[in-house]
Amino acid sequence: MSFERLSQPIEDGAAYEVELSLVVPVMNEEESLGPLIDRICEAMKGFDKSWELILIDDGSTDRTLSYARSYLDREGLDLRIVEFQRNFGKASGLQAGFDAARGRLIATLDGDLQNDPYDIPSMVAELNARDLDLLCGWRKARQDALVLRKIPSWCANYLIGSVTGVKIHDNGCGLKLYRSAVIKQVRILGGMHRFIPAWVASVVPSSRIGEVVVTHHARQFGESKYGISRTIRVFLDLLSVLFFMRFKQRPGHFFGTIGLIIGAISSLILLYLFWVKFGLGENIGTRPLLLIGVMLFLTSIQMITTGILAEMLTRSSDTQKNYVVRKTYQKDA
């Protein structure tokens, strides 16, 4: 799974209904949700422009949704709740939030109270002052377990930076601020939310991506949805990121190059055997090299045709959503 770029980019000069959209995917956060909304409302009191809060209920099995709905009539809060039909994962939750957002800017944060909403107004000022398209939070004083969370995160961030070329200290921080016109040019599929800075860099220059140190709190309620096992998934996803960053628009070049290399090796083997058969008059029917040459030739044909099929799929791909919404709630609706 990967990101897919939308066919119609959105101009930043378009008219937006609000200045800032806050997107928060939540799943089984009934204890955290009330304090989170209260903290967001308190933090945004000094924000002198319009803003909205979008909660994505990612298939919660507790009372998260009912608690969220109780805030719909809160005065001064522009709240919308998107209820998924089942659990689709954080990437789908973020994508649904981006699709629903009406703001010129979009901020994302986690629903477990570890990100601090009080950082958002200053991040907006920072993004505007530096004329950035993406401002990533950096949990420099991260309040997580060293072995299970910090060390795997450090390794993953170093590897992601080395492979993608986007040097961000903390790719996994949920607190990020986007320019809506940019983030809506990509689609987040699978577990690719970990690589958002790299994929934004495929839309805009990496110089328009920055980071800022943000506050990070220890988890107060519940348990983390992620463990050390996600490190393995990061390595696998990183291979997909590397492929799509270099060959997304022309996958035929990737498969075709491999096919041509294998085909060249096969041709050398078969030419050698041709000379042995007809030049030296030796029998080649029982030689393993003949089988290897034929198999390499067939593999070459298969790789080239795979590249052609990949090109056809790329040009006919649509923007089908990777989530299903059961209901959307908002005030008086």
Side-chain angles (χ1 to χ4, degrees), residues 1-16 19-21 23 91 94-95 97-99 101 103-109 119-140 153-154 156-214 234 237-254 314-315 317 319:
M1 304 300 288
S2 68
F3 285 75
E4 291 184 3
R5 188 179 301 184
L6 296 179
S7 59
Q8 295 295 330
I10 301 173
E11 297 297 332
D12 193 39
Y16 295 95
E19 175 67 13
L20 176 65
S21 297
V23 173
L94 290 173
Q95 184 60 60
F98 296 150
D99 291 342
R104 184 182 70 87
L105 302 176
I106 302 175
T108 60
L109 65 159
D119 288 321
I120 295 176
S122 61
M123 290 181 69
V124 172
E126 181 86 2
L127 181 138
N128 289 328
R130 296 167 60 182
D131 193 24
L132 299 175
D133 292 321
L134 167 60
L135 184 61
C136 303
W138 175 14
R139 299 167 293 181
K140 195 171 185 178
S153 180
W154 292 336
N157 285 317
Y158 175 78
L159 188 60
I160 292 171
S162 300
V163 171
T164 65
V166 182
K167 306 295 184 180
I168 297 294
H169 287 92
D170 192 0
N171 285 272
C173 181
L175 184 55
K176 292 182 174 68
L177 181 65
Y178 310 84
R179 200 174 296 275
S180 179
V182 171
I183 194 58
K184 288 193 176 188
Q185 293 183 48
V186 296
R187 292 199 68 84
I188 312 173
L189 307 178
M192 293 297 179
H193 58 278
R194 305 181 187 94
F195 308 100
I196 288 181
W199 280 99
V200 170
S202 70
V203 178
V204 298
S206 57
S207 60
R208 297 188 63 85
I209 300 173
E211 61 181 341
V212 64
V213 175
V214 296
V234 168
D237 289 339
L238 191 56
L239 296 177
S240 299
V241 170
L242 181 61
F243 171 82
F244 278 93
M245 286 188 70
R246 295 187 179 181
F247 301 104
K248 180 181 183 298
Q249 300 301 318
R250 299 302 302 271
H253 288 185
F254 174 79
T314 298
R315 282 153 177 72
S317 63
T319 56

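Counting from 1, the numbers follow the sequence of the chain as shown. Given the structure is predicted, the values throughout are model-derived calculations rather than measurements.
Listed by chain and number, the residues in a side chain to side chain contact (heavy atoms under 4.5 Å, CB included) with Glu126 are Arg130, Leu135 (sequence neighbours excluded). For Thr108, there are no side-chain hydrogen bond (donor to acceptor under 3.5 Å, both in side chains) partners, not counting sequence neighbours. In this structure, the side-chain hydrogen bond (donor to acceptor under 3.5 Å, both in side chains) partners of Asp133, at least two apart in sequence or on a different chain, are Arg179, Arg208.
You'll find the side chain of Ile183 reaches within 4.5 Å of the side chain of Val200, heavy atoms only. Looking at Leu177 and Leu20, their side chains come closer than 4.5 Å, going by heavy atoms from C-beta outward.
Annotation: the span from Leu132 atom CG to Met123 atom CE amounts to 10.0 Å, rounded to 0.5 Å.
Across all non-hydrogen atoms, the minimal contact from Gly103 to Ser21 is N-OG, 2.9 Å. Pro197 approaches Asn171 most closely through the heavy-atom pair CG-OD1, 3.5 Å. The two residues Gln95 and Ile188 make their nearest non-hydrogen contact at OE1-N, 2.7 Å. Annotation for Val166 and Ala201: closest pair CG2-CB, 3.6 Å, computed over non-hydrogen atoms. Closest heavy-atom contact between Ile168 and Gly210: CD1-O, 4.5 Å. Of all heavy-atom pairs between Ala107 and Ile120, the closest is CB-CG2, 4.4 Å.
Here Asp170 does not pair with Lys176 in a salt bridge; the nearest charged N to carboxylate O distance is not below 4.0 Å.
Of the possible polar contacts, one joining the Lys184 side chain to the Phe98 backbone as a donor-acceptor pair under 3.5 Å is found. A distance-only check finds a donor-acceptor pair linking the side chain of Glu211 to the backbone of His169 [under 3.5 Å].
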